[in-house]
Amino acid sequence: QVQLVESGGGLVQAGGSLSLSCAASESIFNTNAMGWFRQAPGKERAFVGAVSRSGGSTLYADSVKGRFLISRDNARSTVYLQMNSLKPEDTAVYYCAAAGTTVSLRSIPPRTNYWGQGTQVTVSL
C-alpha cells in the first residue's frame with residue numbers, strides 16, 4: 001500500500017528552484033518525524049533533511065544546508081522540500097520517509113517506518 005505520495009519532481013536549470021511535496025495518511029503523519037533522502041545514479045541513498053513531528057526542529061545535510069528548506073503542514077499531513085539555488089549535483093531521485101524521530105531518519109542506515117516511491121529531480125547546466 002502506498003502511504004506516502006510524492007510530487008513535484010521535474011527538470012530545472014541550475015540556479016533555479018523546485019518544491020517537492022509528500023502527502024501522508026493522517027495516522028502516519030501525526031506519529032512520525034518526516035524526512036527527505038536522495039539517490040543519484042551510481043551513488044548510495046543519502047540523507048537530505050528531516051523535520052520533527054511538531055515541526056519545531058529540523059536537520060539538514062551539509063550539502064544542502066542554506067539552500068534547501070524542509071517544512072511540514074500538519075493540517076494537510078504534508079511535508080515539503082523547498083529546493084533553491086539548485087546545482088547539477090542535486091540531480092537524483094528524491095524520496096520522502098517517515099520515522100519516529102529525526103534522529104532515526106539521520107541514522108546510518110536510517111531507521112525508517114515508511115518510504116515514498118521517489119520522484120526524479122534533474123538539474124541541467
Side-chain angles (χ1 to χ4, degrees):
Q1 56 182 8
V2 178
Q3 300 184 87
L4 303 179
V5 181
E6 296 163 280
S7 62
L11 175 65
V12 64
Q13 192 173 53
S17 298
L18 201 63
S19 182
L20 305 181
S21 300
C22 179
S25 68
E26 185 175 351
S27 61
I28 292 174
F29 195 85
N30 290 345
T31 57
N32 284 278
M34 302 295 295
W36 288 94
F37 296 77
R38 65 186 182 184
Q39 187 167 25
K43 296 187 178 296
E44 63 195 46
R45 187 174 297 188
F47 174 79
V48 174
V51 60
S52 63
R53 299 180 194 181
S54 68
S57 180
T58 55
L59 296 172
Y60 297 95
D62 289 342
S63 59
V64 306
K65 194 172 298 181
R67 299 189 297 120
F68 290 12
L69 294 171
I70 188 170
S71 62
R72 64 190 293 157
D73 185 338
N74 290 343
R76 298 178 61 190
S77 297
T78 301
V79 62
Y80 303 93
L81 183 67
Q82 177 64 47
M83 303 182 292
N84 302 312
S85 302
L86 283 162
K87 305 174 181 179
E89 51 262 45
D90 294 320
T91 295
V93 176
Y94 283 70
Y95 302 87
C96 64
T101 65
T102 55
V103 170
S104 295
L105 290 162
R106 184 64 184 86
S107 298
I108 302 173
R111 299 190 295 273
T112 59
N113 296 326
Y114 304 95
W115 286 102
Q117 79 286 354
T119 185
Q120 177 70 48
V121 173
T122 302
V123 183
S124 63
L125 288 170

Self-check item: Contacts of type side chain to side chain donor-acceptor pair (under 3.5 Å), residue Thr91, not counting sequence neighbours
Solution: none
Practice problem: Could you tell me whether the side chain of Tyr80 reaches within less than 4.5 Å of the side chain of Ile70, counting heavy atoms only? | Solution: no
Exercise. Answer with yes or no whether the side chains of Asn30 and Asn74 bring together a donor and an acceptor at under 3.5 Å.
Key: no
Exercise. Rounded to the nearest 0.5 Å, what's the gap from CD on Gln13 to CG on Leu86? Could you check?
Key: 11.0 Å
Self-check item: Ser71 vs Val79 side-chain heavy atoms within contact, under 4.5 Å
Solution: no
Quiz prompt | hydrophobic_cluster_shared for Val51 and Ile28, side chain cutoff 4.5 Å | solution = yes
Self-check item: Euclidean distance, Glu6 CD relative to Cys96 SG, rounded to 0.5 Å
Solution: 3.5 Å
Self-check item: Contact summary for Ser17 and Ser85, nearest pair of heavy atoms
Solution: OG-N, 4.3 Å
Quiz prompt | Side-chain touch Val103/Arg111, heavy atoms, less than 4.5 angstrom | solution = yes
Quiz item: Side chains of Leu69 and Tyr60: closer than 4.5 Å at any heavy-atom pair?
Solution: yes
Quiz item: Among side-chain atoms of Ser107 and Ser104, is any donor-acceptor pair under 3.5 angstrom?
Solution: no
Quiz item: Can you hop from Met34 to Tyr114 via hydrophobic side chains spaced under 4.5 Å?
Solution: yes
Quiz item: Does Asp73 reach the main-chain N or O of Ala75 with its side chain, forming a donor-acceptor pair under 3.5 Å?
Solution: yes
Exercise. Compare all side-chain heavy atoms of Gln82 with those of Phe68 and state whether any distance is below 4.5 angstrom.
Key: no
Quiz item: Mind checking whether Val12 and Thr122 have side chains closer than 4.5 Å, heavy atoms only?
Solution: no
Exercise. Specify the closest pair of heavy atoms between Thr78 and Ser21, including all atoms of both residues, with the distance to one decimal.
Key: CG2-CB, 4.2 Å
Quiz item: Is the backbone of Ser63 close enough, under 3.5 Å, to the side chain of Arg67 for a donor and an acceptor to pair up by distance?
Solution: yes
Exercise. Output every pair passing ring pair (Phe, Tyr, Trp, His ring centres under 6.0 Å) with a member in residues 21-42, not counting sequence neighbours, ordered by first then second residue.
Key: Phe37-Phe47, Phe37-Trp115
Practice problem: Flag yes if more than 12 heavy atoms outside Gln39 fall under 6.0 Å of its CD atom; otherwise flag no. | Solution: yes
Practice problem: Using the side chain to side chain contact (heavy atoms under 4.5 Å, CB included) rule, take Val48 and Leu81 through it: C-alpha gap first, then chi angles, then the decisive distance, then the call. | Solution: CA-CA 9 Å; Val48 174; Leu81 183 67; 4.2 Å; yes
Quiz item: Taking all atoms of both residues into account, what is the closest heavy-atom pair of Leu4 and Ala98, and its distance?
Solution: CD1-N, 4.1 Å
Practice problem: Can you see which heavy atom on Gly100 is nearest to which on Asn32, and at what distance? | Solution: N-OD1, 3.5 Å
Self-check item: Nearest heavy-atom neighbours spanning Ser57 and Thr102
Solution: O-CG2, 4.4 Å
Quiz item: Looking at CZ of Arg72 and SG of Cys22, how far apart are the two atoms once the value is rounded to the nearest 0.5 Å?
Solution: 10.5 Å
Quiz item: Can you pull the salt bridge (charged side-chain N to carboxylate O under 4.0 Å, His left out) pairs that have at least one residue in residues 33-54, sequence neighbours excluded?
Solution: Arg38-Asp90
Practice problem: State, to 0.1 Å, how close Ala97 and Thr112 come at their nearest heavy-atom pair, and which atoms those are. | Solution: CB-CG2, 3.9 Å
Practice problem: Side-chain contact test, heavy atoms from C-beta onward, threshold under 4.5 Å: evaluate it for Met83 versus Leu20 and give yes or no. | Solution: yes
